[in-house]
> 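Take a look at this one; I'll ask things after.
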Amino acid sequence: MLDKETGAGNDFLGWKQLPDGTPESLIQACEAVRDDWKSRGVDLVVVIGIGGSYLGARTALEALNHQFIQDTSKPRVVFAGNNLSEEYLAEMMDLAARSNVACIVISKSGTTTEPAVAFRVVKEHIEKRYGKAEAAGRIVAVTDAVKGALKTLSTQEGYRTFVVPDNVGGRFSVLSPVGLLPICVAGYDVREMLRGAAAAKAQVSVRSADNPAVQYAAMRNLQYFELGKKVEVLVTYNPRLTFFGEWWKQLFGESEGKDGKGIYPASANFTTDLHSIGQFIQDGDRCMFETVVSVEKSNRSVVIGSDEQNLDCLNYLAGKNVEHCNAMAALGTKLAHIDGGVPQIEIGIERVNEFCIGELFYFFEASCGISAYLLGVNPFNQPGVEAYKKNMFALLRKPGYEAQTEEILKRL
């Protein structure tokens, strides 16, 4: 169904062509923004979006950035418009006030509440600080090709624009300008990321029992239907991939959680979380299985030294890499959890870099489409997402929601 595009939602399969169908001109346009902002001295880029409009880019940057030191040759990239917390936005603007700022705003319509609120605040700051003419060069919109409030504003103000493809849904959009532009502006190699995604596409497009996406989709559905497992925990032993769990949760949660069906997607970072929720995983309700994203090679080397006093009793580890200890912790956890009734699937990548992150993105996208079709749902719609919005609009007294406002107030 996914290959022949005969299933439900088949008008949203444009993501399949992104790894090897993205034109060089698009990448060059992203690089032109990067180079222009570097010439303006921009050291802070605010990326505004919610859901798939920010999760993919943030996942990639959390994986690729130095975890403690900001590379001053690259702009710092922060994210806004993914919540309605006043303190979060105020503190982000504290940073903007002491930085040289530019903004990427990502919204198909331009009217989604969370990003629209953030963009109004950031846009006002940039215009007041730099003037409207300069602001036009510091704001880039990723939006619809021809319609919508953000497209209209971009035309009026002269913003550079990139197109959100009509046939690519938000949670599948990381390899489109939605993800590629922020990742490129942050200083990373999006060609290499697309190359990794293309390598994954070659693997998962083969109609075979050896297809890893088919294997993963089949295994998780067997856990659900045959063993009654209702929760899948995506596990990583590398903190760089912690946020990958957030992207993965949206991908599977929004694609499969409908019609009263679906596996609840959770995530954890080990060994850290073995000291918090490890007890539940080991001995609690047998409702879950684990999918471990393992990393074969570390990008850095730290060797444990010897200590004459050996008060910590660690001399037996002297001369070993810390990553060796991590690997043994992973193996020990795997055995313990399987013995405790928690099945485990493992998906491995060579190392954390642009190529392998691209591989993971496409692998999970393809797996999700297959898995949802096995489950019997449309992977590419999200009818339940609108429910909270209608109530929020009514409570905020948005014009046109007066009847709903009165009804909700009575319920409260």
Side-chain angles (χ1 to χ4, degrees), residues 55-56 58-68 212 215-217 219-220 222-224 227 229-253 263-304 312-314 316-318 320-353 356-357 359-361 363-364 367-368 371:
L55 280 168
R58 185 167 179 184
T59 292
L61 298 190
E62 294 277 349
L64 298 171
N65 283 340
H66 193 288
Q67 295 172 90
F68 298 100
Q215 291 176 338
Y216 174 55
M219 288 299 297
R220 65 194 308 276
L222 283 168
Q223 300 288 346
Y224 180 67
L227 299 179
K229 304 292 187 181
K230 299 296 180 71
V231 177
E232 179 177 10
V233 185
L234 189 80
V235 173
T236 175
Y237 286 80
N238 189 321
R240 289 182 173 277
L241 296 178
T242 298
F243 208 86
F244 193 91
E246 300 302 309
W247 176 83
W248 173 87
K249 283 190 286 189
Q250 188 208 9
L251 179 69
F252 278 89
I263 301 167
Y264 182 82
S267 62
N269 182 265
F270 293 166
T271 63
T272 303
D273 290 336
L274 291 173
H275 296 261
S276 56
I277 60 171
Q279 172 62 40
F280 187 98
I281 295 174
Q282 187 69 47
D283 290 334
D285 190 304
R286 303 297 77 192
C287 61
M288 67 183 69
F289 65 98
E290 292 175 314
T291 296
V292 178
V293 177
S294 63
V295 181
E296 181 183 345
K297 299 176 182 177
S298 174
N299 291 322
R300 304 293 296 272
S301 175
V302 177
V303 177
I304 301 168
D312 54 13
C313 303
L314 288 181
Y316 75 100
L317 295 176
K320 292 183 170 61
N321 283 79
V322 172
E323 196 58 35
H324 172 75
C325 301
N326 201 24
M328 294 305 100
L331 182 57
T333 303
K334 176 180 181 178
L335 295 171
H337 286 185
I338 289 173
D339 289 346
V342 181
Q344 193 168 104
I345 301 167
E346 185 172 0
I347 296 163
I349 59 173
E350 182 184 11
R351 61 176 72 246
V352 178
N353 58 19
C356 293
I357 295 299
E359 278 188 308
L360 279 180
F361 280 142
F363 167 79
F364 278 115
S367 300
C368 184
S371 181

> Distance from Q215 atom CD to I345 atom CD1, nearest 0.5 Å?
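Here the interatomic distance stands at 10.0 Å.
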> Flag the pair F289 / R220 as yes when at least one side-chain heavy-atom distance between them is below 4.5 Å, and no otherwise.
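F289 reaches R220 side chain to side chain.
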> Main chain of A336, side chain of Q282: is a donor-acceptor contact present, judged purely on distance under 3.5 Å?
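Yes, Q282 side chain to A336 backbone: donor-acceptor pair under 3.5 Å.
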> Any side-chain heavy-atom pair from E346 and K334 closer than 4.5 angstrom?
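With C-beta onward as the side chain, the pair touches.
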> Using a distance-only test with no angle check, is there a side-chain donor-acceptor pair under 3.5 angstrom linking N321 and S301?
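Their side chains do contain a donor-acceptor pair, which is all the 3.5 Å distance test asks for.
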> With no hydrogens and no angle check, is any side-chain donor or acceptor of S371 less than 3.5 Å from a backbone partner on S367?
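Not confirmed, S371 side chain does not pair with S367 backbone.
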> Any donor-acceptor pair under 3.5 Å linking the side chain of D273 with the backbone of N269?
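Side chain of D273 to backbone of N269: a pair is present.
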> Could you work out, with side-chain contact (heavy atoms from CB on, under 4.5 Å) as the rule, every residue matching T333, not counting sequence neighbours?
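Applying side-chain contact (heavy atoms from CB on, under 4.5 Å) to T333 gives Y237, F270, L274, H337.
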> Once salt bridge (charged side-chain N to carboxylate O under 4.0 Å, His left out) is applied, what residue pairs with a partner in residues 233-246 remain, sequence neighbours excluded?
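Sorted pair list: E246-K249.
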> Within the side chain of N353, is there an N or O that forms a donor-acceptor pair under 3.5 Å with the backbone of C356?
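Yes; at least one donor-acceptor contact below 3.5 Å.
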> Would you call K230 and Y224 a side-chain contact if the rule is heavy atoms closer than 4.5 Å?
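Heavy-atom side-chain distance check passes, below 4.5 Å.
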> Could you tell me which non-hydrogen atom of R286 sits nearest to which non-hydrogen atom of I281, and how far apart they are?
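Looking at all heavy atoms of both residues, the shortest contact is NH2-O, 2.7 Å.
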> Run the side-chain hydrogen bond (donor to acceptor under 3.5 Å, both in side chains) test against T236 and tell me which residues pass, sequence neighbours left out.
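T236 satisfies side-chain hydrogen bond (donor to acceptor under 3.5 Å, both in side chains) with no other residue.
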> Angle between ring planes, F361 versus F244, binned at 30° and 60°: parallel, tilted or perpendicular?
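F361 vs F244 ring planes: parallel.
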> Shortest non-hydrogen contact from I304 to C325?
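That would be CD1-SG, 3.8 Å.
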> Are F364 and L234 side-chain neighbours, meaning at least one heavy-atom pair lies under 4.5 Å?
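F364 vs L234: side chains touch.
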> Look at the aromatic rings of F252 and W248 and report parallel, tilted or perpendicular, splitting at 30° and 60°.
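Tilted.
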